[in-house]
Amino acid sequence: MSSAEPTEADPTGEDPTGAASVAAELAAPAPAAPAPAAAGPTGAASVAPAPAASPAVSAATAEPAGAGRPATRPGRPAPAVRDPGRVAHRTAPVPPPLPGLAESARRLAEGATTSTALVADALARIEATQPTLNAFRHLRAEAALAEAAEADRRLAAGERLPLLGVPVAVKDDTDVAGLPTHFGCAGERPPATADSEAVRRLRAAGAVVVGKTNSCELGQWPFTEGPGFGATRNPWNTAHTPGGSSGGSAAAVAAGLVPAALGSDGAGSVRIPAAWTHLVGIKPQRGRVSVHPHSDAFQGLTVNGPLARTVADAALLLDAAAGPHPEDLHRPPAVRAAEAARRDPGRLRVALAWRPPLTLTGAGPDPEVRRAVAALAETLARLGHHVEEARPRYGLIGLAFVPRATAGIAEFAARHPEPALLDPRTRSALRTGTRLGGRAVRAARAREVRQHRRIGALFDASGFDVLLTPTTAAPPPRIGRFDELNAWRTDLAMTAACPYAWPWNVLGWPGVNVPAGFTRSGLPVGAQLLGPSRAEERLIALAAQLEDDLRWDEHRPPIP
């Protein structure tokens with residue numbers, strides 16, 4: 001969950017806090033990306049530490065998979081620690097990027113490949129790119145290969161499931177039996193004793209979970225960096241962040257380490273990294289994908305959702321992961337996402353909104369972001385849709401977001417066994433969330449029905465079918481640019497860079513990030529298609545139509 005803390009203010013266009021200038025600095029052009037490190041031995045179950053950072057990037061280094069301990073001082077790499085389930089090193093060449101989710105499932109069903117080959121290729125690419133991308137916190141190498149062999153036996157016997165034998169990854173806020181759930185934090189955590197409901201459903205669909213991807217600490221920020229694991233880097237330019245908090249999942253999918261991955265979105269944490277890595281990211285309706293063992297994660301703000309290179313792949317993963325746990329509070333009726341991805345959306349009325357909800361920053365979209373989203377709006381018009389500029393009535397929705405977000409952080413932070421290891425900004429959010437818990441959170445949640453009516457008037461009274469906005473106001477920032485900021489300035493800079501995504505978490509409604517192109521320096525940016533309650537199928541159908549026309553999945557990052 002990327003938990004910016006927007007506060008309502010008079011929209012004068014001035015920047016008394018300096019946040020807009022901070023955001024501009026974050027998006028400044030980067031020097032050339034560091035050259036990829038030579039591929040190391042592949043096939044091991046551990047995740048090797050990242051190399052020492054260049055002066056242009058953060059000095060944090062990656063912690064190896066399974067270490068589960070505090071990182072050493074910044075700038076001093078932690079020693080490699082191997083998982084107990086390691087497999088033998090291999091010296092084979094690094095395999096090419098893995099095919100997409102649907103393509104992998106098709107090849108497996110037709111006997112054109114094996115699950116063992118796909119999983120081994122995924123593990124080899126993960127280890128080879130870990131020094132440059134640092135996408136994974138934990139791997140399940142030995143267990144995943146055993147599960148792949150079992151999937152091959154089932155496939156040979158004629159069994160068919162939507163994802164039987166296909167490797168996937170999940171974010172490190174999601175319980176996988178036998179692995180700790182660090183959620184981006186340093187320190188020791190015991191292994192989870194059971195899978196989360198979403199992982200259970202992925203396994204039931206036949207998927208092989210190869211590992212857990214990096215997230216920033218408690219999912220608070222739109223960057224994936226921290227002392228517990230180092231810095232996860234963007235495959236399009238490793239001097240830049242892939243976003244957050246699902247940055248590890250985004251980097252892994254964009255670089256072809258896995259066909260698709262599960263992330264979570266509490267304030268844009270699926271959509272933001274999808275935008276900054278040229279992916280499709282779906283934030284589904286609240287309750288669509290269970291967050292169990294949590295019943296109402298981050299006071300109802302956070303949902304789980306897929307990241308993939310194509311709409312069809314994202315829809316397929318959504319169908320596989322969707323469904324409630326018996327203890328879930330939210331139970332929307334089922335959707336058929338994969339069918340929607342093959343459906344003509346019809347002629348839709350699309351509202352284009354440039355102005356984000358009111359914040360202290362006064363920041364609008366970067367000119368290159370505006371150019372890319374405007375071009376996407378022109379594509380929608382060319383495809384026959386009616387596109388018209390509009391202004392959603394957001395009101396003071398930030399007053400409902402801040403108590404819920406900070407109370408959620410406080411709830412998770414309070415469970416950490418070693419609070420002194422938490423980032424000072426996390427401890428600040430913990431104090432704020434503790435103060436705003438209770439009555440303030442109840443009042444914030446009570447406003448949601450009125451917010452549904454007010455913002456929903458865009459769809460109900462004005463007759464629009466979809467809202468189109470930039471996903472972020474800025475291109476992906478450079479690694480390390482948030483390091484010297486205190487909690488307040490981090491929140492201001494985040495809000496200036498990412499003011500568009502979080503209102504839909506307050507509402508609990510669905511949204512889809514679609515790639516919108518690249519800046520002149522080659523950094524990806526995105527646009528979000530937003531809908532009213534339970535509108536996933538409409539949004540997915542429209543995203544698929546855009547993909548058919550723009551063919552964004554044909555563009556690959558330079559990471560091998």
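- Atom CD1 of Ile397 and atom CZ of Arg450 lie 12.0 Å apart (nearest 0.5 Å).
- In this structure a side-chain-to-backbone donor-acceptor pair under 3.5 Å is present from Asp195 to Ala177.
- Within the 4.5 Å cutoff, side-chain heavy atoms of Trp221 are placed close to those of Thr426.
- A donor-acceptor pair under 3.5 Å links the side-chain atoms of Asn513 to the main chain of Leu279, judged by distance alone.
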> Taking it one step at a time, do Val199 and Leu262 satisfy side-chain contact (heavy atoms from CB on, under 4.5 Å)?
Replying inline: CA-CA 9 Å; Val199 170; Leu262 198 66; 5.6 Å; no

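- In summary, of the residues considered (Thr241, Asn234, Thr472), a side-chain hydrogen bond (donor to acceptor under 3.5 Å, both in side chains) with Trp276 occurs for Thr472 alone.
- In this structure a side-chain-to-backbone donor-acceptor pair under 3.5 Å is missing from Arg137 to Phe229.
- The aromatic rings of His278 and Trp236 sit perpendicular, their planes meeting at an angle over 60°, well past the 30° parallel limit.
- Environment of CZ in Arg415: crowded, with over 12 heavy atoms of neighbouring residues, nucleotides or ligands closer than 6.0 Å.
- The main-chain N or O of Ser264 is found under 3.5 Å from a side-chain atom of Ser246 such that the two form a donor-acceptor pair.
- Atom CG of residue Asp491 and atom CE of residue Met494 lie 4.5 Å apart, to the nearest 0.5 angstrom.
- Counting only heavy atoms from C-beta outward, the side chains of Pro476 and Pro242 never approach each other to under 4.5 Å.
- Between the side chain of Arg233 and the backbone N or O of Ile479, no donor-acceptor pair lies under 3.5 Å.
- Formation of a donor-acceptor pair under 3.5 Å by the His182 side chain with backbone atoms of Gly187 is found in this model.
- Contact annotation: the side chain of Trp488 never approaches that of Ser428 to less than 4.5 Å [non-hydrogen atoms, C-beta and beyond].
- Using a 4.5 Å cut-off on side-chain heavy atoms (C-beta onward), Asp175 and Thr193 make no contact.
- Phe298 and Phe183 have perpendicular rings, their planes meeting at more than 60° on a 0 to 90° scale where under 30° would count as parallel.
- Taken to the nearest 0.5 Å, the CG atom of Leu430 stands 10.0 Å off from the CZ atom of Arg435.
- Counting heavy atoms from C-beta on, the side chains of Arg200 and His325 never come closer than 4.5 Å.
- Side-chain contact check for Phe223 versus Arg481: every heavy-atom pair is 4.5 Å or farther apart.
- Between the side chain of Glu536 and the backbone N or O of Gln285 there is at least one donor-acceptor pair closer than 3.5 Å.
- Residues Gly263 and Val270 share a closest heavy-atom pair of C-CG2, 3.8 Å.
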> Is there a side-chain contact (heavy atoms from CB on, under 4.5 Å) between Leu301 and Val506 once you walk through the steps?
Replying inline: CA-CA 6 Å; Leu301 296 177; Val506 175; 4.1 Å; yes

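- At a cut-off of 3.5 Å, with distance as the only test, no side-chain donor of Lys171 or Ser249 sits close to an acceptor on the other residue.
- Closest of all the heavy-atom pairs between Ala314 and Ala308 is N-CB, 3.5 Å.
- What you find for His240 and Leu523 is that their closest heavy atoms are CE1-CD1, 3.5 Å.
- The two residues Asp172 and Pro180 have their closest heavy-atom pair at OD1-O, 3.6 Å.
- There is no side-chain donor-acceptor pair under 3.5 Å between Ser215 and Asp173.
- In terms of heavy-atom proximity, Gly268 sits nearest to Asn505 at N-OD1, 3.5 Å.
- Results of the side chain to side chain contact (heavy atoms under 4.5 Å, CB included) test with Thr490 over Asp423, Leu485, Thr495 single out Leu485 as the only residue that passes.
- Across all their heavy atoms, Ile409 and Ala429 have their closest contact at CG2-CB, 3.9 Å.
- Within the 3.5 Å criterion, the main-chain N or O of Arg288 finds no donor-acceptor partner in the side chain of His330.
- In terms of modelled atom types and a separation under 3.5 Å, the side chain of Arg140 and the main chain of Leu145 share no donor-acceptor contact.
- A salt bridge between Glu197 and Arg201 is present, with a side-chain N of the basic residue lying under 4.0 Å from a carboxylate O of the acidic one.
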>> For Val253 and Val258: C-alpha separation, side-chain torsions, deciding distance, then whether side-chain contact (heavy atoms from CB on, under 4.5 Å) applies.
In response: CA-CA 5 Å; Val253 175; Val258 288; 4.1 Å; yes

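- Contact of the Asp313 side chain with the Val280 side chain is not registered, since no non-hydrogen atoms from C-beta on lie closer than 4.5 Å.
- Residues passing the ring pair (Phe, Tyr, Trp, His ring centres under 6.0 Å) test with His416: none are found, sequence neighbours excluded.
- In this structure the side chain of Ile282 never reaches within 4.5 angstrom of the side chain of Pro510, judged on heavy atoms.
- Judged purely by atom type and a 3.5 angstrom limit, Arg125 uses its side chain to pair as donor or acceptor with the backbone of Gly256.
- A distance of 7.0 Å separates CZ in Arg489 from CG in Leu492, rounded to the nearest 0.5 Å.
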>> Checking Asp328 against Ser290 for the side chain to side chain donor-acceptor pair (under 3.5 Å) test, could you report, in this order, the C-alpha distance in whole Å, the side-chain angles of both residues, the deciding distance, and whether it holds?
In response: CA-CA 7 Å; Asp328 283 354; Ser290 177; 2.8 Å; yes

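- The distance from the CG atom of Leu257 to the CG atom of Leu98 is 8.0 Å, given to the nearest 0.5 Å.
- Not counting sequence neighbours, Tyr500 has no partner by the ring pair (Phe, Tyr, Trp, His ring centres under 6.0 Å) test.
- Partners of Trp504 under the ring pair (Phe, Tyr, Trp, His ring centres under 6.0 Å) rule, at least two apart in sequence or in another chain, are Trp509.
- Side-chain atoms of Gln528 and Thr471 include no donor-acceptor pair closer than 3.5 Å.
- To the nearest 0.5 Å, the span separating CG on Leu396 from CZ on Arg447 amounts to 8.5 Å.
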